[in-house]
Colleague: 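Okay, handing you the structure first.
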Amino acid sequence: MTDAVEYLTAKRTVDDRALNRRVWDRFVAALDATARRTDRPLRIVEVGTGVGSMIARLADWETLSGTVSYRAVDVDETCIAAARDRLPEWLAAAGYETETTADGVIVATDATTTARFEIVLEVADARSIVDEADAVIAAAFLDIVDPDRTLRAIRGMLREGGFLYAPCTFDGATHFSPAHPSDDRIERLYHRHMDELRDRPGSSRAAREVLERAPEHGYDVDAVGSGDWVVRPRDGTYPHAEGRFLDHLLETIDGALADYPADVLDPAVRAAWIDARRDQRSRGELRLVSHHLDLLARVRPDE
Ligand SMILES: C[S@@+](CC[C@H](N)C(=O)[O-])C[C@H]1O[C@@H](n2cnc3c(N)ncnc32)[C@H](O)[C@@H]1O
């Protein structure tokens, strides 16, 4: 069994490769332009922050000017606890000096520039928080929530002209290789489970739905591009913890398929597919391509 913290930690390097750098660069340029226009700290809210990978990535990849006031929210307290635990080390690895204040704010300062993060980690439901942010980050999030309700809620958290960066939003393709005769059927049923069966919101076509509906919710889409997960072995082993990432994904798919009655999916067909995939994973032969879109949208000024 993998847990959410292990899965999200293993996902970081998969996302590092997947993120669409054109959309990322537009996002960072927008952050930078906002920071230069104002003398107050840049305000970022991240919804569904998980273990804090995006904060570590921003610190590691970019040098933002001035202070970033970063509010990172997740409904799962084990994720927030893991973020609190790991971020100081990840930020130190990115060249920051860090300290945690008595009230739990992680302050990270880059000694060579003016860059400084003040990070508040918070257990909360993202759909009910109030803020006035310059940017909201929702990574791998819009596909597990109700898109209309969440787009509305995020718009309410943003200042006029503020922007939403939503990378890693699932867009309806989960391909494993080598090919297996049951692949098409398994993929169809796995995606149908996201759309119709599971007892929580989300959609297998979330990214295209968000793209379509963003204008109705007062956003202009600035940039969009593919951010596909590609996981493959090198010389029979998976880099970093990506083998565990595959284990978790296979477990999720198996759990979804188990919800179908036998007249829809014969348990023997499911077992044969999952056993074959687990064998390939343990031999270091399994590969994955999963299609996502990265989106950057800006709140349209009131007319
Ligand atoms: C797929 S994970 C993505 C985590 C992180 N953004 C990343 O890409 O590594 C989705 C996260 O959203 C959190 N989540 C789900 N519903 C939420 C809600 N309504 N409010 C806040 N967090 C939520 C989950 O606990 C989980 O950590």
Side-chain angles (χ1 to χ4, degrees), residues 2-20 23-24 27 44-61 70-87 90 119-131 133 135-154 156-157 164-171 174 190 194 198-204 206-207 210 227-229 231 240-242 244-246 248-249 251-253 255-256 288 290-295:
T2 57
D3 63 21
V5 167
E6 185 188 19
Y7 165 67
L8 293 175
T9 306
K11 187 169 91 66
R12 180 170 164 191
T13 54
V14 179
D15 288 342
D16 283 346
R17 283 195 307 277
L19 288 177
N20 185 295
V23 180
W24 172 270
F27 166 56
I44 298 179
V45 172
E46 183 175 0
V47 291
T49 197
V51 295
S53 303
M54 189 56 87
I55 307 170
R57 183 177 293 116
L58 257 180
D60 194 25
W61 287 4
Y70 201 113
R71 181 182 185 188
V73 174
D74 201 290
V75 78
D76 182 341
E77 64 188 45
T78 62
C79 285
I80 291 296
R84 200 179 298 289
D85 200 36
R86 290 158 197 213
L87 268 170
W90 287 345
I119 302 156
V120 173
L121 297 163
E122 186 179 329
V123 179
D125 186 322
R127 292 163 303 186
S128 58
I129 65 172
V130 176
D131 214 293
V136 170
I137 299 176
F141 184 72
L142 296 181
D143 44 22
I144 57 162
V145 289
D146 176 283
D148 290 306
R149 184 174 167 196
T150 309
L151 284 172
R152 241 186 337 266
I154 291 174
M157 295 171 209
L164 163 64
Y165 176 55
C168 274
T169 309
F170 186 62
D171 196 43
T174 311
Y190 171 50
M194 291 179 205
R198 73 180 175 189
D199 55 2
R200 48 197 173 88
S203 164
S204 68
V210 169
D228 296 344
W229 287 340
V231 180
H240 312 288
E242 293 178 18
R244 296 299 286 152
F245 170 86
L246 287 175
H248 181 93
L249 185 61
E251 203 172 290
T252 303
I253 294 174
L288 164 78
S290 172
H291 178 50
H292 296 78
L293 292 181
D294 294 1
L295 303 129

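We use all heavy atoms of the structure for the numbers below, so side chains are in, but hydrogens, waters and symmetry mates are not. Counting starts at 1 for both ligands and their atoms, following the listed order.
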Colleague: Hey, can you tell me if Y165 and F27 have their rings parallel, tilted or perpendicular (30° and 60° cut-offs)?
Modeller: parallel
Colleague: For the pair R84 and E77, evaluate salt bridge (charged side-chain N to carboxylate O under 4.0 Å, His left out) and give the outcome as yes or no after the intermediate values.
Modeller: CA-CA 10 Å; R84 200 179 298 289; E77 64 188 45; over 6 Å; no
Colleague: With sequence neighbours excluded, what pairs up with R57 under the side-chain hydrogen bond (donor to acceptor under 3.5 Å, both in side chains) test?
Modeller: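 By the side-chain hydrogen bond (donor to acceptor under 3.5 Å, both in side chains) rule, R57 matches D16.
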Colleague: Is the ring pair W229/F245 parallel, tilted or perpendicular, if the boundaries are 30 and 60 degrees?
Modeller: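 The arrangement is perpendicular - the two ring planes meet at more than 60°.
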Colleague: Is there a side-chain contact between L288 and T174, using heavy atoms and a 4.5 Å cut-off?
Modeller: yes
Colleague: Considering only NZ, NE, NH1 and NH2 on the basic side and carboxylate oxygens on the acidic side, decide whether K11 and E6 come within less than 4.0 Å.
Modeller: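 No.
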Colleague: Could you check ligand 1 for N or O atoms lying under 3.5 Å from protein N or O atoms and list the pairs with distances?
Modeller:
residue, atom, partner, partner atom, Å
ligand 1, 6 (N), G48, O, 2.7
ligand 1, 6 (N), A139, O, 2.8
ligand 1, 8 (O), K11, NZ, 2.7
ligand 1, 9 (O), K11, NZ, 3.4
ligand 1, 19 (N), D125, OD1, 3.1
ligand 1, 20 (N), A126, N, 2.8
ligand 1, 22 (N), V75, N, 3.2
ligand 1, 25 (O), D74, OD1, 2.7
ligand 1, 27 (O), D74, OD1, 3.4
ligand 1, 27 (O), D74, OD2, 2.6

